[in-house]
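Convention: sequence-line order gives letters A, B, ...; per-chain numbering from 1.
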Amino acid sequence: MLKNRNCGELRGEHTGQQVTLAGWVNRRRDLGGLIFIDLRDHDGVTQVVANPAVSQEVLRVAETLRPEYVVQVEGTVNPRPAGMANLDLPTGEIEVVAHHIQVLNAAKTPPFLIHREEDELEALRLRYRYLDLRRARMQRNLLIRHRAVKFIRDYLDLRGFLEVETPILFKSTPEGARDYLVPSRVHPGKFYALPQSPQQLKQLLMVAGVERYFQIARCFRDEDQRADRQPEFTQLDLEMSFVDREDILQLAEGLMIGMVAHACEKRTSTVPFPRLTYAEALARYGTDRPDLRFGLELVDLTAVAGRSEFRVFREAAESGNVVKGLCAPGCSDYSRKQLVELEALVQEEGAKGLAWVALNPDATVRSSVAKFFSQELMADLLAAAGAQPGDLLLVVADRTAVANAALDVLRREMALRLDLIDRRELAFAWVIDFPLVLWNEQEQRWDPSHHLFTSPQEQDIPLLETDPGAAKSNQYDLICNGFEVGGGSIRIHQRELQEKVMRLIGLTMEQARAQFGHLLEAFEYGTPPHGGIAPGIDRLVMLMAGEPNIREVTAFPKSQNAADLMANAPSEVDSGQLKELHIRLDL
RNA sequence: GGGGGCGUAGUGUAGCGGUUAACAUGCCGGCCUGUCAAGCCGGAGAUCGCGGGUUCGAAUCCCGUCGCUCCCGCCA
């Protein structure tokens, strides 16, 4: 080894030791006759002193050093002179007095400073990702990710799980997201697809008698990017045989709690994880992945508001739409301008307008709809909303889906404005009792709410024939801080039921056989009841690291249009390669 | 596919119709033995993302285009 100590570990107790360090020049402070070098490696920073009283040669070398030079330093650990300790640095009570400095490699001036984060254009960081990753923040994120995955492996190993790799070159199915395709050289005109998840394969492993499987699995989906979506991402994919929902929830909950405690500084604030039904989540928060770090719950005001003279409210109530709202505490003094801002927010979600009622601290009322409400009815409305003096009641009347979407946005906005979010918290919860299928208005058909291997709840199987939309499934989502961080289900393990669900979502038997024949066939050879879950590693690490997007916790992420700005991928290939793959371009 | 934001020395920003294109930092050189965002002095460094247009004159206004980003659609 070119070093026998890391740059983050030396303390006062090491005083007098001869050490060899190696790393990068973080910063050089040249006082003329005395030079300080902050030497950085993956572990931290140590101050090295080049003192001519110790060695003229060392000072001469130190003068030539520049940021990001790679150097090896041999020296003695010394306590810093009285009053010279740097309390901001873990290694700040000592310094290494260099006897010898060797330049292992010089460096060009980097395009940005490693030791200072200046909010560079992200394109620049991505182009020089190997430099960006040298920064303490990125090193910390990589460490959190490593610890999380290490914890997962240990936790599952201890519970009898087997880690099994599944193919990356697999089969395309038109269901779900767009596939990444890989042309076959030996099968002209045919393509592999990169897996959107190892869903089918892990179910086949259950048929194979593995019973407890997991994989840290790369998944690929050719869809447009978001802050929490990359074209390739990582899931903890796991599946168990002979289990019911409770088994999976307990296992995953213990895993999450342990992982958070082990990998980061955040605290899991909701233990045991609350369980919300899908219907309850939508009713109380307007979304199936609410941020539970704060309250601001939605209230249904349809009954009271429908009794008013306000046509928008009355028609909503009469036509089966809803009037819903939320109380923003202490906001009764909101100005016209502020209210216009909030209204613009809900209009982006399709709401036509935003009604408001300010209950002043002196109990008087100011409202956009005051003239349509008698004094009694206004009192009823405020009571129904649970408004306290000083509150601002914000109300949307619309189709349920629109009102919920609008109030979800409003709820999150008010939480930010009122500073209700504790950033040290991770508020996990389960969402259960999802509908099995959702009506796709555009295609005029039923789509699976989760995926087509999800089983309906036992008592709802008859509904598949009569009222499919009312049938609940054995799907469960794991949510945290407003993100969906995992989803799973108890699967269908019987061919007849699987075929029934396929028919329901409009797959012909020919399509089903072509796409899933291997699975359906497997189901005839003794398939155990099974189920699983797939938590998203990138999102979980993002939340644990307190980062705003998953690129910050991905070593080499892609840009929004799915490009690798460092390697310049995707790129053109030469015509010979295309010919071999039987591909002609049509651009 | 649609909407919003950003793009000016290496980097981060200011300038928003006439400036020698400014400031900070970094870089280069000089001075400096207790610094840790070291300090002081000096210097170099920008066809203002790219293309077109309007104008006597464009970093600035207009159109287009490229890149990054946020959101909607999409993401079983």
Side-chain angles (χ1 to χ4, degrees), chain A residues 26-39 45-54 59 62-63 66-68 78 80-89 91-92 95 97 108-128 131 173-179 195-197 199-200 219-231 233 344-345 348-350 405 409 434 436-438 440 442 446-454 473 475 484 487 489 501-502 505-507 515-516 534 536 548-549 551 557-561 563 565 568:
Chain A
N26 204 38
R27 190 144 217 176
R28 186 182 63 122
R29 289 177 294 281
D30 186 345
L31 275 61
L34 189 67
I35 297 176
F36 296 97
I37 299 146
D38 289 342
L39 190 67
V45 173
T46 298
Q47 174 165 288
V48 173
V49 195
N51 190 332
V54 175
L59 190 75
E63 279 169 352
R66 293 294 180 270
E68 302 313 308
N78 263 24
R80 296 199 189 178
M84 295 297 158
N86 183 348
L87 301 177
D88 296 330
L89 213 59
T91 59
E95 61 194 8
V97 178
K108 285 169 64 176
T109 302
F112 47 78
L113 295 169
I114 307 304
H115 58 85
R116 185 182 313 174
E117 306 213 0
E118 273 213 279
D119 207 25
E120 298 84 7
L121 242 50
E122 196 163 347
L124 189 75
R125 292 177 57 204
L126 291 177
R127 170 144 178 249
Y128 296 97
L131 297 180
T173 54
E175 305 300 311
R178 203 174 291 117
D179 284 321
Q196 296 176 24
S197 82
Q199 182 61 37
Q200 295 181 45
C219 305
F220 305 86
R221 294 178 192 176
D222 186 2
E223 296 293 346
D224 289 336
Q225 311 308 302
R226 289 288 187 281
D228 62 348
R229 279 169 24 193
Q230 280 272 300
F233 61 99
L345 220 51
E348 276 177 45
E349 296 302 315
V409 167
F434 280 79
L436 181 71
V437 289
L438 295 167
N440 183 330
Q442 215 174 344
W446 294 104
D447 279 346
S449 150
H450 184 43
H451 57 54
L452 77 173
F453 310 114
T454 299
S473 77
Q475 176 193 347
E484 181 200 323
S489 63
V501 169
M502 285 174 165
I505 64 172
L507 276 180
Q515 291 167 30
F516 307 109
N549 64 63
R551 295 185 302 280
K558 307 241 182 327
S559 73
Q560 185 149 59
N561 60 11
L565 300 178
N568 233 324

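Counting distance only, with no hydrogens placed and no angle test, the side-chain atoms of A:Arg221 and the base atoms of B:C75 include no donor-acceptor pair under 3.5 Å. On a pure distance criterion of 3.5 Å, no polar donor-acceptor pair joins the side chain of A:Arg66 and the base of B:C28.
Computed from coordinates, the A:Asp224 CG to B:C74 P distance equals 11 Å when rounded to whole Å. Atom CD of A:Glu63 is separated from atom C1' of B:U33 by 13 Å (rounded to the nearest Å). In this structure, CG of A:Leu345 is placed 18 Å from P of B:C70, rounded to the nearest angstrom.
In this view, A:Glu63 satisfies the salt bridge (charged side-chain N to carboxylate O under 4.0 Å, His left out) rule with no residue, not counting sequence neighbours. The side chain to side chain donor-acceptor pair (under 3.5 Å) check on A:Asp38 picks up A:Arg29, with sequence neighbours excluded. Considering only residues two or more places apart in sequence or on other chains, A:Arg551 meets the side chain to side chain donor-acceptor pair (under 3.5 Å) condition with A:Glu122. A:Asp224 meets the side chain to side chain donor-acceptor pair (under 3.5 Å) test with no other residue; sequence neighbours excluded. Listed by chain and number, the residues in a salt bridge (charged side-chain N to carboxylate O under 4.0 Å, His left out) with A:Glu348 amount to none (sequence neighbours excluded). For A:Asp30, the salt bridge (charged side-chain N to carboxylate O under 4.0 Å, His left out) criterion is met by A:Arg28, not counting sequence neighbours. Every side chain to side chain donor-acceptor pair (under 3.5 Å) that A:Glu117 has, sequence neighbours left out, goes to A:Arg137.
Separating the CG atom in A:Asn51 from the CD1 atom in A:Ile35 is a distance of 10.5 Å, to the nearest 0.5 Å.
A sub-4.0 Å separation between OP1 or OP2 of B:C72 and a side-chain N or O of A:Arg226 is present. Contact check, A:Asn549 against B:U69: no side-chain N or O comes under 4.0 Å of OP1 or OP2. Checking the phosphate oxygens (OP1, OP2) of B:G26, no side-chain nitrogen or oxygen of A:Thr109 falls inside 4.0 Å.
When the C1' atom is used for both B:G4 and B:U47, the distance is 31 Å, rounded to whole Å.
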At under 4.0 Å between heavy atoms, which parts of nucleotides 35-43 of chain B does protein reach? Answer with one letter per nucleotide, 5' to 3': B base, S sugar-phosphate only, - none. BBSB-----
Using a 4.0 Å heavy-atom cut-off, write out nucleotides 3-15 of chain B from 5' to 3' as B (base contacted by protein), S (sugar-phosphate only) or - (no contact). -------SBS---
